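Input: a single structure, listed below in structure tokens.
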Amino acid sequence: MFKILKKQVLNPWVTLMEVDAPLIAAKAEPGQFIILRVDENGERIPLTIADFNREQGSVTIIFQIVGATTKKLDHLNEGDFIQDFVGPLGRATHTDGLKKVAIVGGGVGCAIALPIAKKLHRLGCEVHSVIGFRNKELVILENEFVKNSSKLVRMSDDGSWGGKGLVTDALRKLIESGEKYDAVITIGPLIMMKYVCKLTKEFGIKTIVSMNPIMIDGTGMCGGCRLTVAGKTKFACVDGPEFDGHEVDFDEAIARGGTYREFERHAYEETCNLFKEAENNA
Amino acid sequence: MPNMSNIKNMMPSQTPHVRNKNFDEVALGYDDKAAIDEAKRCLNCKAKPCVSNCPVCIDIPAFVHEVSEGNFERAYQIISKSSSLPAVCGRVCPQESQCEGMCVRGAKGEPVAIGRLERFVADWHNIHSKEKAKRPAANGHKVAIIGSGPAGLTCAGDLAKLGYQVTVFEALHVAGGVLVYGIPEFRLPKSIVQREIDTLKELGVEIQTNVVIGKTITIDELMQDHGYEAVFIGSGAGLPKFMNIPGENLKGVYSANEFLTRINLMKAYKSGSDTPIQRGKKVAVVGGGNVAMDAARCAKRLGAHVTVVYRRTEAELPARREEVEHAMEEGIEFRFLTNPLLIHSGEDGFVNGMRCQKMRLSEPDESGRARPIAIEGTEFDIDIDCVIMALGTSPNPLIKDTTYGLDTQKWGGIIVNEETGETSREFIYAGGDAVTGAATVILAMGAGKTAAKAIDAKLTSKDTK
């Protein structure tokens, strides 16, 4: 069992938790992930590590409430326990030799992009961050990005925060204004990453994406997280989760991500109803 | 006077059309009377070919003799000297190619049902014996075991019995490895696995779940920082293999590992589990091993019409004979000499049919196995909405990549000295599927046993130096 040391609501749909997991904290690097199970009958879900504190022995996760499991997780509070918490899994982000990088984050993907920005910034790399949200209400981690970027571009779909438009619009502007990046690192919805890659391919800029497919064990046993990279089957859990974005078959990944959409919608509604009932009875 | 009947005592089982709708155990086991009667079929021959063909060298005639006298607990004590997991082996060993395959009674009729007797004895002990396993005096040595599958549990049990302080590290949230995520409940009830693990805990074995060696901790850290003097790697097989045919990443294509893990480990078939599973109506399972049979029978129990697609003939099926028979009885269709070419996609991106090709067998090659050869112009489609690929696995890279100086085969298997299980690194041992590639529970147990013996010899000789 793994104790929740701190819980913070970042926006109505996104929550941060610091979890007591000293073995994982000792090893974690940006880009890696953990797998957790909320309770005894819970499913195993992967979440990318948002931060870690080696001294305190804690690992930070930031998650968006999208389904039954994240809904249940969000119902836990400081002092409560998560049933299972295992990691750090996957390969860490390669930061060697990068002098100037654009980090492009979308929505809750920004939570995964931040530790990479932090590390690069600390290593003396020039970090330009482009972060986008649907609207002002959903913005998370703004101050942290300010602290860890030499340039920060804010975007929202509706213009209620920063510039109006997509992160790809902002990235194109940066590139066309003459910024030369060693690499673009992009993390967010699959469709966003797909279009970031399309753009950077046009300019021949190496692009790293972080994939978060359906997974069970996360250690290279089940094969559920497979995706096609450069025409070959790869496993996100052991070969990734980061890949060369120009080689990833995004359309296939988007399709596979929808395998259990019906089940997930049903489970989410059921869980919401259970919590509502519990509240009514309380 | 031996029982000279040429056939085995029948083991009662759930009737096929009932059991193919539930996940309860299929075979129900002997009662006392049937066990004694079956045990009397053993001639107690001098050559004991059964023992020499048992990977863990159980003294089979001795335990069978005790059964014939009704001394079931004494029979158990004889088995448990050699095997840490008798209730498991009695259920999943391929006895027909091991102990029973060599039985002299098999020359004229059926061999003694050694597997059924082993199962009976282990179950009898588990029901009747209230005594806890005795923890031996500690010898002061610490050994780490990686993986809690059959190889790891056997090695752990043997070392604990010798007084070693043993810690087993398991990546998943429960112990048991393939015994819990792979082999289904109806073939090996999870309560039986749990019981065997509890016995090991009584012997003093500590099990740490949720620790991925190579990620959470490395082998070198275990030895340098945590004081483990020797390590046994029993991390099992790894990444599932696929055919690399078009359509393999469509929605509704599973590896057998994923399909079985969802069902066995995550209980996706039970209401109340948060883990989803696609309930295909027409499922194709590609492959012919035990894992293919397990996947096919699970899919059947979820309500599907199931077809096993195999590129050789029935005679070449690598699965345990009893599993094939059970699968056939349960209404699973087999298409032999058939090989998939591509998987069709429906408009919704889910599987919608599979193109196959007829095969024929060549003359056996040097390895003695007949190679399947495609017959041109025989392509045809089968109507399915889910495909399960049961083609074996390739070794997991996590330990190899993080352990300096650990030599592996080109295909990734860890290289060991066959006599001892020792790897290219002194004090690091390995066994089971991590060494051999996908094989059987009992072979993994045999390897765990060999390594335990070698580790003991090594650490004891260190003492006397």
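Keep in mind that this is a model prediction, so the values were computed, not measured. To find a chain, count down the sequence lines: A is the first, B the second, and so on, and within it residues start at 1.
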Which of Ala171(B), Gly252(B), Ser255(B), Pro276(B) touches chain A most, by non-hydrogen pairs under 4.5 Å: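 The option with the most such pairs is Pro276(B).
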Residue selection (most heavy-atom pairs with chain A, distance under 4.5 Å) from Gly236(B), Pro240(B), Pro397(B):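 Most heavy-atom pairs within the cutoff with chain A belong to Pro240(B).
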Heavy-atom pairs under 4.5 Å with chain B are the metric here; pick the option from [options] that has the most.
options                                   : result
Ala68(A), Gly87(A), Ala253(A)             : Gly87(A)
Gly42(A), Gly258(A), Ala267(A)            : Gly42(A)
Asp39(A), Leu23(A), Ile24(A), Ile216(A)   : Ile216(A)
Ile214(A), Asp239(A), Thr233(A), Asn41(A) : Asn41(A)

Relative to chain A, which segment of [X] carries a heavy atom at a distance below 4.5 Å: side chain, backbone, both, or neither?
X         : result
Lys215(B) : both
Asp348(B) : neither
Thr216(B) : both
Leu260(B) : neither
Thr218(B) : both
Leu398(B) : side chain
Phe259(B) : neither

Pick one of side chain, backbone, both or neither for [X], based on which atoms fall under 4.5 Å of a heavy atom in chain B.
X         : value
Thr259(A) : both
Ile45(A)  : neither
Lys232(A) : neither
Phe85(A)  : backbone
Glu40(A)  : neither

side-chain hydrogen bond (donor to acceptor under 3.5 Å, both in side chains) evaluation trace for Arg226(A) with Asn249(B): CA-CA 8 Å; Arg226(A) 68 191 186 273; Asn249(B) 291 343; 2.7 Å; yes
Exceeds 12 heavy-atom contacts within 6.0 angstrom, atom [atom1] of [X]:
X         : atom1 : value
Lys3(A)   : NZ    : no
His226(B) : NE2   : yes
His75(A)  : NE2   : yes

Side chain to side chain contact (heavy atoms under 4.5 Å, CB included) partner of His173(B), the single match among Asp84(A), Asp217(A), Leu36(A):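 The option that passes is Asp84(A).
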Stepwise side-chain contact (heavy atoms from CB on, under 4.5 Å) check, Leu172(B) with Arg44(A): CA-CA 10 Å; Leu172(B) 291 172; Arg44(A) 293 170 66 96; 3.7 Å; yes
Inter-residue atom distance Cys237(A).SG - Leu239(B).CG, 0.5 Å rounding: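 Atom-to-atom, Cys237(A):SG and Leu239(B):CG are 6.5 Å apart.
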Nearest-0.5 Å distance, CZ of residue Arg256(A) to NZ of residue Lys251(B):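 One gets 10.0 Å once the value is rounded to the nearest 0.5 Å.
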Close side-chain approach of Thr393(B) to Met221(A), heavy-atom, < 4.5 Å: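 Sidechains of Met221(A) and Thr393(B): no contact.
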Worked check of salt bridge (Lys or Arg N to Asp or Glu O under 4.0 Å) between Asp274(B) and Arg37(A): CA-CA 10 Å; Asp274(B) 288 344; Arg37(A) 229 164 50 109; over 6 Å; no
From CA spacing to verdict: salt bridge (Lys or Arg N to Asp or Glu O under 4.0 Å), Glu221(B), Lys27(A): CA-CA 12 Å; Glu221(B) 287 166 339; Lys27(A) 279 290 171 64; 2.6 Å; yes
Heavy-atom donor-acceptor pair, Asn210(B) side chain to Val86(A) backbone, under 3.5 Å: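 No, because the side chain of Asn210(B) does not come within donor-acceptor range (under 3.5 Å) of the backbone of Val86(A).
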